[in-house]
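Written out below as structure tokens is the structure these notes cover.
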Amino acid sequence: MAAEPTAHALLQKHRPTLDQALEAIRTRAYWSPHPEHPKAYGENGSLDAAAGKAAFDALLGNRLDLADQPGIDDWVGGEVSPYGIELGVTYPHPDIDVLLPAMRAGQRAWRDAGAELRAVVCLEILKRISDRTHQFAHAVMHTSGQAFMMAFQAGGPHAQDRGLEAVAYAYAEQVRTPGQAEWTKPQGKRDPLVLTKRFTAVPRGIGLVIGCNTFPTWNGYPGLFASLATGNAVLVKPHPRAVLPLALTVRIARDVLAEAGFDPNLVALAAERPGEGIAKTLALRPEIRIIDYTGSTAFGDWLETNAHQAQVYTEKAGVNTVIVHSTDDYQGMLSNLAFSLSLYSGQMCTTPQNLLIPRDGIATDQGHKSFDEVTADLARAVDGLLGDDARANALLGAIVNPDVKARLEAAAGLGEVALASREVANPEFPDAVVRTPVIVKLDGAKPDDEAAYMSECFGPVSFAVAVDSAADAVELLRRTVREKGAMTVGAYTTDAATEQAVEEACLEEAAQLSLNLTGGVYVNQTAAFSDFHGSGGNPAANAALTDSAFVANRFRMVEVRREA
């Protein structure tokens with residue numbers, strides 16, 4: 001076939017990387033093929049910092065052309081950077097009745113290509129995205145409000161790692177069953193029964209990726225590449241405030257598919273008009289058989305309840321908890337927590353919200369510390385971390401939308417403020433809304449306070465909750481995860497019995513746990529190929545990024561058997 005030379009070249013180029021990814025998910029050891037440092041780019045076809053910024057600037061005020069995508073009936077846009085810049089980029093708006101049938105047309109050839117070829121085509125897409133990491137960094141920064149270095153790393157190599165991880169899991173699950181088998185059943189004195197059986201991984205249909213505002217690539221790539229690698233076409237519906245990074249992704253994917261001899265319409269973009277709410281319409285279409293969603297609990301619950309024709313994977317919201325019981329590195333604990341609370345202004349689904357601290361204080365290497373001392377020292381640690389405005393801007397980024405700012409301002413009225421939020425000026429972007437975190441003291445024994453700490457308050461808001469004992473902290477943790485869900489749990493304790501109790505609670509409630517982090521690893525960070533992001537076992541998410549369950553139900557094995 002015409003694509004064979006390209007297929008052979010892609011296999012030669014990317015099979016070693018695929019093998020390394022397969023080994024990484026088996027061992028859970030550290031590995032990444034995507035450099036984290038900006039200076040690592042600029043050779044072998046990749047854009048350096050200046051070229052990446054120029055490539056981003058060239059997009060502003062223009063159409064992002066997907067002219068060969070079928071069913072374009074309008075051009076839409078309207079993104080405004082959290083840093084105050086109007087992007088002015090417009091995107092094709094789809095006529096769904098035209099686009100969806102066109103997307104299905106290419107699935108047969110994509111299915112018949114097999115798991116290995118699909119995987120290396122996906123890896124070529126990721127490689128070309130990686131080459132443009134500097135451009136993507138600016139696109140992520142100016143749609144999510146992440147500071148540049150975070151946008152570069154989380155929106156670039158870390159997102160690409162998660163996409164590659166999904167491809168590796170998808171490949172492993174598809175080749176678990178052999179493509180062909182000879183089946184012979186003895187019949188005693190009679191001739192044996194002999195059948196030849198062929199097994200084919202058959203895609204479910206069109207996958208729909210519903211993007212989020214805060215991490216458009218990091219949260220979007222796992223579902224996109226898991227569905228594509230298992231033979232499905234993928235329709236990408238970005239968040240209306242964060243279209244650009246995923247639109248660039250779609251454009252690259254379409255180019256690679258076409259060059260490899262496949263239908264580019266296997267990946268398409270669905271940008272929407274202001275207030276259109278196209279996600280609900282798409283989610284109920286019979287052609288949509290897989291949905292990947294990151295965002296609010298309300299819409300995630302709606303998808304799970306109403307999109308019956310689709311396999312739905314959701315990452316919603318939870319109330320992340322840290323138990324502070326005791327520590328042998330008080331300063332390390334405070335520094336680690338201060339960074340965790342500050343990173344990206346707390347606008348991460350993994351940021352700690354509730355800090356459960358015994359009301360009679362904690363044991364530390366610096367002696368006993370009362371509840372008030374712990375909260376005051378943590379406030380000083382955050383102030384020290386963010387006291388310099390340049391460093392504060394580099395860590396905080398910008399507030400992503402007015403709702404986060406409103407929650408931050410309202411939080412100060414919920415209890416005694418241990419740390420007040422302050423405005424930070426950004427000289428480069430004067431219109432950016434930058435705020436430091438607020439920490440509010442609450443009492444776990446007061447019913448009036450429970451309404452605050454048992455609800456997610458997304459953004460730079462944390463509650464220091466006084467509890468009676470370690471046992472009470474563990475019980476509140478257990479109840480919080482069971483009722484509200486959690487993407488992450490942390491605990492600080494030098495007591496073996498308390499550690500065991502926390503661990504058992506997290507195992508029973510299926511919550512990912514980090515113990516006694518005092519160095520350069522934080523509770524709100526996860527590493528692809530090693531850490532699971534979410535568990536799929538509590539209300540915060542019904543899927544984990546990435547495990548076998550995340551990919552295995554995106555295809556079915558169909559057999560054809562013949563008498564030999």
Side-chain angles (χ1 to χ4, degrees), residues 36 140 144-147 149-155 157-159 161-162 212-219 222 294-295 315-324 332-356 378 381-382 385-386 392 394-400 404 407-408 419 435-439 453 456-464 477 480-481 484-492 502 506 511-528 530-535 538 540-541 544-546:
E36 287 185 312
V140 171
S144 70
Q146 295 176 32
M149 186 53 71
M150 184 176 185
F152 183 92
Q153 293 183 339
H158 296 171
D161 283 349
R162 283 295 184 190
C212 68
N213 194 174
T214 49
F215 289 89
T217 55
W218 199 99
N219 281 110
T294 300
E315 181 195 309
K316 298 176 288 189
V319 176
N320 300 318
T321 299
V322 176
I323 292 177
V324 181
M333 180 191 78
L334 294 174
S335 296
N336 193 281
L337 283 173
F339 189 93
S340 297
L341 300 182
S342 303
L343 185 62
Y344 185 32
S345 301
Q347 298 170 127
M348 304 173 69
C349 62
T350 49
T351 300
Q353 175 178 301
N354 293 346
L355 309 176
L356 309 185
L378 179 57
V382 175
L385 179 67
L386 304 176
L395 286 174
L396 295 170
I399 298 297
V400 70
V404 174
R407 281 193 294 270
L408 170 63
L419 174 65
R435 299 288 188 276
T436 62
V438 63
I439 301 175
Y453 66 73
E456 189 200 25
C457 194
F458 184 76
V461 177
S462 293
F463 301 116
L477 163 67
T480 302
V481 177
K484 302 298 182 179
M487 295 298 294
T488 56
V489 172
Y492 291 90
V502 173
C506 289
Q512 311 292 13
L513 172 63
S514 297
L515 285 166
N516 297 318
L517 297 183
T518 57
V521 176
Y522 304 94
V523 67
N524 43 354
Q525 297 174 322
T526 59
S530 186
D531 294 323
F532 293 109
H533 178 74
S535 71
N538 67 65
L545 303 180
T546 300

Margin query: Would you compute the distance between atom OG1 of T546 and atom CG of D161 and round it to the nearest 0.5 angstrom?
Written below: 11.0 Å
Note to self: Looking at every heavy atom in both F458 and C349, which two are closest together, and how far apart are they?
What the structure shows: CE1-N, 4.4 Å
Item checked: Closest heavy-atom pair and its distance - V140, G155 -> CG2-CA, 4.1 Å
Next item on the list: Could you check if a side-chain atom of T351 sits within less than 4.5 angstrom of a side-chain atom of P460, using non-hydrogen atoms only?
Entry: no
Next item on the list: Considering non-hydrogen atoms only, spot the tightest contact between V489 and A511 and give its length.
Entry: CG2-CB, 3.8 Å
Note to self: Quick check for you: to the nearest 0.5 Å, what is the distance between L378 atom CG and S335 atom OG?
What the structure shows: 10.0 Å
Check: Where do L356 and T321 land on the side-chain contact (heavy atoms from CB on, under 4.5 Å) test, with the steps shown first?
Finding: CA-CA 7 Å; L356 309 185; T321 299; 3.6 Å; yes
Next item on the list: For N320 and N524, run side-chain contact (heavy atoms from CB on, under 4.5 Å): C-alpha distance rounded to whole Å, both residues' side-chain angles, the deciding distance at 0.1 Å, then the answer.
Entry: CA-CA 10 Å; N320 300 318; N524 43 354; over 6 Å; no
Next item on the list: Of all the heavy-atom pairs spanning R162 and P222, show the shortest one and how long it is.
Entry: CB-CG, 3.9 Å
Checklist line | A544 to G534 - nearest heavy-atom pair and separation | finding: CB-O, 3.4 Å
Checklist line | Value rounded to 0.5 Å, distance of CG in L341 from CD1 in I439 | finding: 5.5 Å
Next item on the list: Answer whether the closest heavy-atom distance between the side chains of M150 and M348 falls below 4.5 Å.
Entry: yes
Next item on the list: Mark yes or no for whether T488, through its side chain, and T350, through its backbone, hold a donor-acceptor pair below 3.5 Å.
Entry: yes
Next item on the list: List the atom of V319, the atom of E456, and the distance in Å for their closest heavy-atom pair.
Entry: CG2-N, 3.7 Å
Checklist line | Test applied, side-chain contact (heavy atoms from CB on, under 4.5 Å); reference residue, Y492; option that passes from I323, L517, V502 | finding: L517
Note to self: Between W218 and T526, does the side-chain contact (heavy atoms from CB on, under 4.5 Å) criterion hold? Intermediate values first, please.
What the structure shows: CA-CA 11 Å; W218 199 99; T526 59; 3.6 Å; yes
Notebook entry, point to check: Any idea how Y522 and F339 line up, ring-wise: parallel (<30°), tilted (30 to 60°), or perpendicular (>60°)?
Noted result: parallel
Next item on the list: Begin from the C-alpha positions of E315 and F215 and carry the test side-chain contact (heavy atoms from CB on, under 4.5 Å) through to its verdict.
Entry: CA-CA 12 Å; E315 181 195 309; F215 289 89; over 6 Å; no
Next item on the list: Answer yes or no: is there a donor N or O on one side and an acceptor on the other, between the side chain of Q347 and the main chain of T214, under 3.5 Å?
Entry: no
Next item on the list: Kindly say whether V521 contributes a backbone atom to a donor-acceptor pair with the side chain of N336 at under 3.5 angstrom?
Entry: yes
Next item on the list: Could you tell me whether a side-chain N or O of S345 sits under 3.5 Å from a main-chain N or O of L396, the two making a donor and an acceptor?
Entry: yes
Item checked: N/O donor-acceptor pair under 3.5 Å between N354 side chain and Y453 backbone -> yes
Item checked: Atom pair CG/CD of L343 and Q525 - distance to nearest 0.5 Å -> 6.5 Å
Notebook entry, point to check: Any sub-3.5 Å donor-acceptor pair from R435's side-chain atoms to I399's backbone N or O?
Noted result: no
Notebook entry, point to check: Does the side-chain hydrogen bond (donor to acceptor under 3.5 Å, both in side chains) test come out yes or no for H158 and E36, once each step is laid out?
Noted result: CA-CA 8 Å; H158 296 171; E36 287 185 312; 2.5 Å; yes
Margin query: For the CG atom of N219 and the OG atom of S144, what is their distance to the nearest 0.5 Å?
Written below: 11.0 Å
